[in-house]
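Contents: one structure, followed by commentary.
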2 protein chains.
Amino acid sequence: MAEKLANSPSSTRQQILRAAEAAVLAKGFSGTSIDELIAEVGISKSGFFYHFRDKAMLAQALIERYVEEDGEILSGIFAEADTLSEDPLHSFLIALKMLAKLFEDLPATHPGCIVASVCYHEQLFDREVRRLTGEAVLIWRAMIRTRLDRITQQYQLRIDIDLDDLADMLSVVADGGIILSKAVGDKSRLPRQMLLYRDFIRLVFEPRATAAER
Amino acid sequence: MAEKLANSPSSTRQQILRAAEAAVLAKGFSGTSIDELIAEVGISKSGFFYHFRDKAMLAQALIERYVEEDGEILSGIFAEADTLSEDPLHSFLIALKMLAKLFEDLPATHPGCIVASVCYHEQLFDREVRRLTGEAVLIWRAMIRTRLDRITQQYQLRIDIDLDDLADMLSVVADGGIILSKAVGDKSRLPRQMLLYRDFIRLVFEPRATAAER
DNA sequence: GTGGTACAGTACCGGCGGTACAGTTGAAGG
DNA sequence: CCTTCAACTGTACCGCCGGTACTGTACCAC
C-alpha cells in the first residue's frame, strides 16, 4: 500500500512480460496459460486484460521487448570490445569471446530465444508479429555485417564467401546452439559452438600463416 | 498374429502422424488440437484415442518417427557420397553439398525440426520424450564424428578444435538455418548456411594452400 | 471534486483435451 | 458358418482455458 513503486505504470506490465517470457520459452506460446501468468504475478484476469487486449498483443509486446533487449546486449558487447582493440578483426574476436563467456556464465542452460520460439509457432501469429521477428534478424545481420565489412578493409578473405551469410551465421549458431544445449541438457554446448564460430572467423580472415607472400 | 496389411492398421496411424507433424511444426505442440487432426484425417475422436493413449503418446510417436526418418536420410546421403569418392574429406564435402541441395530443392521453406520444436516445449513433455530427443542429437553427433575421425587420419587439423563440437555444428547449422529461413521468409538461407559449414570444414582440413612447407 | 489510471470481482461463453463406454464393421481363422 | 478381434464410430460428459462484458474501487493529479 505505502509502496511507492505500486503505481509505477510499467511495473505490473513488466512483471507479466517477464513471467510470460520464461513460460513461453519453456512451454511454447499456446502452452502458456494466462491463468498461470496472473497467478505468478499476483493479479486478476481483469488486470491482465487491462494491459494486453488479448494474448496476441502479449506476444507482440514480448517480441518487441526481447528484440530491444537483445539488440542492446549485442551492441553493448561490440562497444566494449571496441574499447579493447582498435583492430576490427581482433575487436570482433573479442566480442565473440565475450558472447561465449556470457552464455557460459549463465546459471543454467540458456532459456531460449523468443524469435526462434515464434518461428516454430508462425501460424499462430499475425503478419505484424512475423514482420517483427524477420526484421529483428535482419537488424542483427546488419550489425554484424558492418563489423565484417570493416574487417575486410584490413584483411583478405581466405575463401570466397558471402558476408551476409557469415553474418547470419552468428544468429544461426546462437539459435542452433541453444537447441543443442537444450536437447542434450548440457549448457556448455552453446558457448562451445560460439567459440567454434569464432574459430571460423579467425580461419576466414587471418593472414595466411606467418609466411610473407608476394 | 496380425500381419501388417495394406489396408489400414498402419495407414490411419501414419496419416495422423503426418498431419500432426505438419501441424506441430507450424503451430507448436499445444497449438495443435486433436480435433483439427481428426478432421484432416477424417476419423472420429475415438479413432484417434484408439491409436494414441493421449496427446503425450502422439508426441512420443512423432519423435520416434522423425528421428528414424531423419537418420535414414542422413546415413543415405553419407552412403551415396561414399560411392562418389574414396577420400573421406571429399566424401564428407560431397555429402554436405548433397544436404544443401536437398534443402534447396524443397518447394517451400523447410517445415522445421521436430527435435527443435520439442526443445522449445520441454516442460510439456515427460522424461522419456526428452531422453529421446537428447539421444537423437547424440546419434547424429556420433555419425558425423565417425566421418571426422576418418578424415583426421589423412588430413591435419589446421587449428585445434574439438571434433565433437565440429560434429555438433552440423545439427546446429541445420536447426539455426531453419529458424533463419523461417524468420526472414527466405528458404535459400538454410542451404546457404549448410554450404558455409562446408566451407568451414574445407578450411579446417584442407592442406595449407599449395605451398609446400618445411 | 472530477477524471483518469490501474486494477479487482463476478458471471458467462465456447472450444479443447481427455474420459468412459457402448456399438459397429469387416476380415481372418477354426 | 460362426467366432473373434482389430479398427474404428457415436454419444455423453468433465474441467480448464481464452476471451468478453460489465461493475466497482482505491488512489493520484489537477
Side-chain angles (χ1 to χ4, degrees), chain A residues 1-24 26-62 117-118 121 123-126 129, chain B residues 1-24 26-63 117-118 121 123-126 128-129:
Chain A
M1 292 241 168
E3 287 292 326
K4 275 186 158 189
L5 53 98
N7 71 336
S8 163
S10 60
S11 166
T12 299
R13 193 184 150 93
Q14 290 303 318
Q15 268 182 279
I16 295 171
L17 285 172
R18 229 178 300 144
E21 181 170 316
V24 166
K27 293 178 290 187
F29 187 71
S30 34
T32 299
S33 73
I34 294 173
D35 282 3
E36 75 178 276
L37 296 180
I38 64 177
E40 198 177 321
V41 176
I43 54 167
S44 68
K45 211 166 188 175
S46 316
F48 175 88
F49 283 105
Y50 172 77
H51 289 288
F52 305 99
R53 198 177 66 238
D54 53 23
K55 220 186 168 189
M57 278 301 120
L58 171 68
Q60 195 168 317
L62 216 53
S117 183
V118 166
H121 295 77
Q123 276 191 13
L124 293 177
F125 302 108
D126 50 35
V129 166
Chain B
M1 305 186 165
E3 277 294 305
K4 293 224 168 184
L5 296 175
N7 201 356
S8 47
S10 64
S11 163
T12 300
R13 194 186 149 93
Q14 290 303 317
Q15 268 182 280
I16 296 171
L17 285 172
R18 229 177 299 144
E21 182 169 316
V24 166
K27 293 178 291 187
F29 187 71
S30 35
T32 299
S33 72
I34 293 174
D35 282 3
E36 75 178 276
L37 296 180
I38 65 178
E40 198 177 323
V41 176
I43 55 168
S44 68
K45 210 167 190 176
S46 316
F48 175 88
F49 285 104
Y50 173 77
H51 289 290
F52 305 100
R53 198 177 66 236
D54 53 23
K55 220 186 167 189
M57 279 300 120
L58 170 69
Q60 196 169 317
L62 216 53
I63 292 161
S117 184
V118 166
H121 295 77
Q123 277 190 13
L124 293 178
F125 301 108
D126 50 35
E128 171 62 12
V129 167

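Below, chains carry the letters A, B, ... as their sequence lines are ordered, and counting in each starts from 1. The shown structure was predicted, so the numbers you read here are calculated from the model rather than taken from an experiment.
- Residues forming a side chain to side chain donor-acceptor pair (under 3.5 Å) with A/Lys27 (at least two apart in sequence, or on another chain): A/Glu36.
- Contact check, B/His51 against D/dC8: a side-chain N or O comes under 4.0 Å of OP1 or OP2.
- Rounded to an integer number of Å, the gap from CZ of A/Arg53 to C1' of C/dA6 is 19 Å.
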Test B/Leu58 against B/Phe48 for side chain to side chain contact (heavy atoms under 4.5 Å, CB included), laying out the working first. CA-CA 10 Å; B/Leu58 170 69; B/Phe48 175 88; 4.0 Å; yes
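- Distance, B/Leu37 CG to D/dC8 C1': 17 Å, rounded to whole Å.
- At least one side-chain heavy atom of B/Arg13 sits less than 4.5 Å from a side-chain heavy atom of B/Phe52.
- Picking from D/dG18, C/dC16, C/dT19 the nucleotide with the shortest atom distance to the side chain of B/Asp54 gives C/dT19.
- Residues B/Met57 and B/Asp54 meet the side-chain proximity criterion, which asks for heavy atoms closer than 4.5 Å.
- As a whole-Å value, the separation of A/Met57 CE from D/dT20 P is 12 Å.
- OP1 or OP2 of D/dC8 sits under 4.0 Å from a side-chain N or O of B/Thr12.
- No engagement by B/Ser30 is indicated, since no non-hydrogen atom pair under 4.0 Å with the nucleic acid exists.
- Rounded to whole Å, atom C1' of D/dG18 lies 7 Å from atom NZ of A/Lys55.
- The nearest whole Å value for the distance from the CD1 atom in B/Ile38 to the P atom in D/dG10 is 11 Å.
- Within residues 41-49 of chain B, the residues that place at least one heavy atom under 4.0 Å from DNA chain C are, in residue-number order, B/Lys45, B/Phe49.
- The side-chain heavy atoms of A/Ile43 and A/Ile16, taken from C-beta on, include a pair separated by under 4.5 Å.
- C/dT19 atom P lies 15 Å from atom CZ of B/Phe52, rounded to whole Å.
- Closest approach of A/Ser30 to A/Lys55, counting heavy atoms only: CA-NZ, 3.7 Å.
- Distance CD1 (B/Ile16) to P (D/dT9): 9 Å, rounded to an integer number of Å.
- You'll find the side chain of A/Gln14 reaches within 4.5 Å of the side chain of A/Leu17, heavy atoms only.
- Distance B/Asp35 CG to C/dG14 P: 16 Å, rounded to the nearest Å.
- At the phosphate of C/dA6, OP1 or OP2 sits under 4.0 Å from a side-chain N or O atom of A/Tyr50.
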